[in-house]
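Here is the structure we will look at, set down as structure tokens.
Computed from a prediction, not measured in an experiment: that's the story for all the values here. Below, chains carry the letters A, B, ... as their sequence lines are ordered, and counting in each starts from 1.
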Amino acid sequence: MIDELSKQYNPKETEDKWYKFWEENDLFCAKPNPKKKPFCIVIPPPNVTGILHMGHALNNTIQDILIRYHRMKGEEALWMPGTDHAGIATQNVVEKSIAKEGLKRQDLGRDKFIERVWQWRQQYGSTIIHQLKKIGASCDWQRTRFTMDDEYSKSVLEVFVRLYEAGLIYQGNRIINWCPRCQTALSDEEAPHHDLQGNLYYLRYPLKEQGLSPASTYGQAKGTVPYVVVATTRPETMLGDTAVAVNPKDKRYKHLIGKTIVLPLAHREIKIISDSAVDMKFGTGAVKITPAHDPNDYATGKKHDLEFVNVMYPDGRMNEFAGDYKDMDRFEAREVILEDLKEKGLLEKVEPHALSAGHCYRCHTIIEPYLSKQWFVKMAPLAKPAIEAVKKERIKFHPKRWTKVYLNWMENIQDWCISRQIWWGHRLPVYYCKKCLETKAPESKIKDRKSKIEQGIIVSRIKPEKCPWCGSSDIYQDEDVLDTWFSSWLWPFATFYWPAGTVSTEVNAFSSKGTVPKEDLNYFYPTSVLVTAPEIIFFWVARMIMSGLEFMKDIPFSDVYIHGTVRDIEGKKMSKSLGNIIDPLEIIKEYGTDALRFSLISITAQGQDVYLSKERFEQGRNFANKIWNASRYILMNLEPENVQVDLCVFFKKEDLSIVNRWILSRFYSVLKEINKDLGSFKFNEAANLLYGFFWHEFCDWYLELIKSDIKNKQNQVVMYKVLEKFLRTLQPFMPFITEEVWQKLPQGRQVTSIMVEPWPHVQEQVIDKKTESKLLAIFEAITQIRNMRAELDIPLQATVKVKIACGNKPKREVLKQLCVDIEKLAKCELIIEEDYRHSQGEFVNVLKDLHIAIVLAGAIDVDTYKEKLKQKIDKANQDIKAKANLLGNSNFVKNAPVEIVEKEKEKLAELEGLLKKMQGIRDGLK
RNA sequence: GGGCAUUUAGCUCAGUUGGUUAGAGCGCUACAUUCACAUUGUAGAGGUCAGAGGUUCAAGUCCUCUAAUGCCCACCA
């Protein structure tokens, strides 16, 4: 059976097989177990429209490593999976798909359109889930949640109602970020600013009053019609101007305050007002005020009780208040308005001006600050405890620097616009009474939210039959839906069906087998670690902390691990539009899932961005192949009866050969480090330790050393034990190959899967640093001999006679013990002596306290040899000089710790010995 | 305007609290193919740790400044 193993590891044959096996045996399932410590991660729910990219691959590999590690450590490890309905993104996708049939969503109507979205979700919505399975994610899939599930939606509505009743949700007419393409409001986070190269246009606004002295600084010829020059980057908004503001301290304009301007093109009269917020140094010091199209101007407008003139339709075209420019797109209108102003001599000048503007995070259209009626969450009260939780380190960010980013944002938090003018999402649980709205006086609101009634507005978990105010049954629901993030921020507890204590199985066919959800929530909340990318700290992480503290009265997780962004080899973010995507599924096809996972992890330093090229994945593939072949070799030579031998019982420590003592000590030393690294989120360091240990120590040295005596019982036991434990330690990183090999081991007992085996325990008593350093010295000697052979051009096949002289008795004993191994590895015949006496025809090198001499059959080239020796002697002299200087420095001797001084003294002595030996060799040469 | 990160071998990056001779992968050079593995092995070359100053017995590591690159935040008309 063993000989059938192919020479190369073939991931295709193993991955699907084992994944299916794990799932069929419910190995990913977790349920409350009072005897075990819970460990829970909630997945950052990918968009239901999502397609797996490298960012997902990295994010989910990290989570899987954590989950698999903690599962093996004996904790009840739950990885809660699910997807996000991704309101705007999904709606856009479905709109595109119906556009192929020549349809707009309005043609279908709301209900039909929503039906189409559900159909789409049915058909394509699990793509990302299948892809997560391909990368080996060990999520408890039976629990898979979706933010639009009925039960989840109940949580969302519950939260809305509670916040409204607490006075933390309000409706307001404010300037918000409006995407004219998606035709919806966006939160500030959804409208990131990007730099633009635009212009600053200087417009002349004529004064109504004649005979005033002009603001002469601005190129105005005396005696002409006086005007004020304003500077703007968005001239099309001038049609909505309702004032011009100047700073009260500005001498240039003092006399004009209160005067009237005739707004060009719009032919309206507006006032010049004074406001200390105006920056005298910017532009002309006079600023046009457009309260309906700019957040600053809005504030000014409120303050001065100005008119609000909205000049645009929701789609970004100019509306009826734009007069002649009606129906023009906002950017087209800009050009035409500039032309018209120029014609009238009212465009003074144009200056290039760098600015930044918000862009829709879904379609990248430049957003329009737009006055409209929206729903908001008052954030400051929610932020307060969330700030405390992080300041008091109940929640820790890794790497730490993100704490500052989080706190900075939280301390300056703005109210959150949560209503969206789209169809796909949770519809606001807000109902209006037609009659009340028609009859109510503008200020007739009841302020006491506890009564849950406000005339005309009913916020309710279920649709009310009658208006509680007037009894009318003419009630309709708000058309808007909630921001997608208004459901995601509940993820750590809404996935456990908060606040419901039970779940109706008909609602969710995937509800977890035989567990009562309320227990789940109690058991798994707060969750343990949240793993995510920096770009959603504000969108999601911060908000989850707020909602957790508000509704669960507890933090949602104790650690937040922020990993880097995946970039291409040139440092650009990987994105479809740039065409620089490396598709993880392609990598899996070509190199295997374990290779993908291992390579990704090993090159991702904590919190640093990841620069990827396809070749990077060869490392992982090669490692998998190395593991495969080493395992194959061990399996070919292993006698099954040795597998069950217990190391501690059959071999006392002093019975173990030095080589076996060494490899066991090395394994546990490495394991100790790995535990430390995994505990502090240093996944790359753990991965690289495993790589280095297995390849260079276990394969290159250990297996080579025991090769000639591989049937020895002790060697058999040790080599098997180390392999078996190594596989377990590697399992979280490379779950497939470790399972495949582990299942082939002749374990002589009933086994299920490596993934539910215990994590190896560090055997402190086996760690033996002295043995480790002894072996290291032997390896150096072997390398030295090989090096000398190469210098002498001695073919690898030829056996040479080598003399090693060592004055140190214990070391000489080790050399004698390992004589046979050294002879084999260095291909030599070894003579071990106490003192070195030079004979003619010997090529000698000094390595610490060793003389290593190759006895040559023929003559050696004395001159070349001398030259080499001279170089080494010079180097030694230099080093000695440096050390002597250091030790001669009384400050060093006085101030440095004793150990360091002692060490330096030893080194000096060592160097001096080395020099003496080399000089001896030189002097022995003719 | 504010903040963060990065700068170490030809390339991509590690380097914990300051303390031997600064590491890895890839690439490069030479040699090796009846050997578990050429997706391999052996040996080797390659570094003024961005620059300047400072603290210290001692700096890649701490402090200050400078430069370059990238990212984030901000109500820059």
Using a 4.0 Å heavy-atom cut-off, does [X] contact any base of the nucleic acid, only the sugar-phosphate backbone, or nothing at all?
| X | result |
| --- | --- |
| A:Pro897 | base |
| A:Phe538 | sugar-phosphate |
| A:Gln8 | base |
| A:Glu704 | base |
| A:Lys7 | sugar-phosphate |

Atom-pair distance ([atom1] on [X]; [atom2] on [N]), nearest Å:
| X | N | atom1 | atom2 | answer |
| --- | --- | --- | --- | --- |
| A:Ile537 | B:rG3 | CD1 | C1' | 13 Å |
| A:Asp195 | B:rC73 | CG | P | 12 Å |
| A:Met636 | B:rA36 | CE | P | 6 Å |
| A:Glu902 | B:rA58 | CD | P | 20 Å |
| A:Glu411 | B:rC73 | CD | P | 17 Å |
| A:Ile603 | B:rC11 | CD1 | P | 17 Å |
| A:Asp700 | B:rA24 | CG | P | 13 Å |
| A:Arg401 | B:rC4 | CZ | P | 11 Å |

### Query
Is the closest side-chain heavy-atom distance between A:Ile794 and A:Lys827 below 4.5 Å?
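With C-beta onward as the side chain, the pair stays apart.
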
#### Entry: Axial cation check for A:Tyr691 ring with A:Lys626, 6.0 Å and 45° limits
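No, cation not above the ring by the 6.0 Å, 45° rule.
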
Considering only [options], which nucleotide approaches the side chain of [X] most closely?
| X | options | value |
| --- | --- | --- |
| A:Gln619 | B:rA77, B:rG25, B:rC73 | B:rG25 |
| A:Phe892 | B:rC57, B:rA77, B:rA36 | B:rC57 |
| A:Thr233 | B:rA36, B:rA77, B:rC37 | B:rA77 |
| A:Ala896 | B:rA77, B:rC57, B:rU39 | B:rC57 |
| A:Val287 | B:rG25, B:rA77, B:rG19 | B:rA77 |

### Query
Which sits closer to the 5' end of RNA chain B, A:Val893 or A:Arg234, going by the nucleotide each is nearest to?
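By nearest-heavy-atom nucleotide position, the 5'-most residue is A:Val893.
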
### Query
Considering heavy-atom distances to RNA chain B, does A:Ala790 or A:Asn622 have its closest nucleotide positioned more toward the 5' end?
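Mapping each residue to its closest nucleotide by heavy atoms, the 5'-most match is A:Asn622.
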
### Message
Check this for me: does any side-chain nitrogen of one of A:Glu368 and A:Arg234 sit under 4.0 Å from a carboxylate oxygen of the other?
### Response
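Yes.
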
### Query
Any ion pair linking A:Lys907 and A:Glu904 (charged N to carboxylate O, less than 4.0 Å)?
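A salt bridge is present here (some side-chain N lies under 4.0 Å from a carboxylate O).
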
Sticking with atom [atom1], work out how far [N] lies from [M], rounded to a whole angstrom.
| N | M | atom1 | result |
| --- | --- | --- | --- |
| B:rU7 | B:rC76 | P | 32 Å |
| B:rC13 | B:rU17 | C1' | 23 Å |
| B:rA59 | B:rC49 | C1' | 11 Å |
| B:rA43 | B:rG60 | C1' | 29 Å |
| B:rA50 | B:rA22 | P | 15 Å |
| B:rC62 | B:rA14 | P | 15 Å |
| B:rU56 | B:rU66 | C1' | 23 Å |
| B:rG23 | B:rC63 | P | 25 Å |

Now, which nucleotide makes the Watson-Crick or G-U wobble pair with [N], with each of the two distances under 3.5 Å?
| N | result |
| --- | --- |
| B:rG18 | none |
| B:rG53 | B:rC63 |
| B:rG70 | B:rC4 |
| B:rC11 | B:rG25 |
| B:rU40 | B:rA32 |
| B:rC76 | none |

Taking 4.0 Å as the cut-off, does a side-chain nitrogen or oxygen of [X] come that near to OP1 or OP2 on [N]?
| X | N | value |
| --- | --- | --- |
| A:Arg786 | B:rA43 | yes |
| A:Asn895 | B:rC57 | yes |
| A:Thr783 | B:rA43 | yes |
| A:Lys404 | B:rG3 | no |
| A:Lys883 | B:rU21 | yes |
| A:Trp402 | B:rC72 | no |
| A:Asn787 | B:rG44 | yes |
| A:His696 | B:rU42 | no |

#### Entry: A:Phe683 ring center near A:Tyr561 ring center (under 6.0 Å)
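Yes - the distance between ring centres of A:Phe683 and A:Tyr561 falls below the 6.0 Å cut-off.
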
### Query
Between A:Trp402 and A:Phe397, is the ring centre distance below 6.0 Å?
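They do not qualify: ring centres at least 6.0 Å apart.
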
### Task
May I ask you to decide if the ring planes of A:Tyr370 and A:His293 are parallel, tilted or perpendicular, using 30° and 60° as cut-offs?
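Because their plane-to-plane angle is over 60°, the rings of A:Tyr370 and A:His293 count as perpendicular.
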
### Query
Which word best sums up how the rings of A:Trp409 and A:Phe538 line up, parallel for under 30°, tilted for 30 to 60°, or perpendicular for over 60°?
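Answer is parallel, since the angle falls under 30°.
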
### Query
Under 3.5 Å, side chain of A:Arg597 to main-chain N/O of A:Phe733, donor-acceptor pair present?
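Answer holds: yes.
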
### Message
Between B:rA24 and A:Glu685, counting only base atoms on the nucleotide and side-chain atoms on the residue, is there a donor-acceptor pair under 3.5 Å?
### Response
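Between B:rA24 and A:Glu685, which were checked side chain against base, a qualifying N/O pair under 3.5 Å is absent.
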
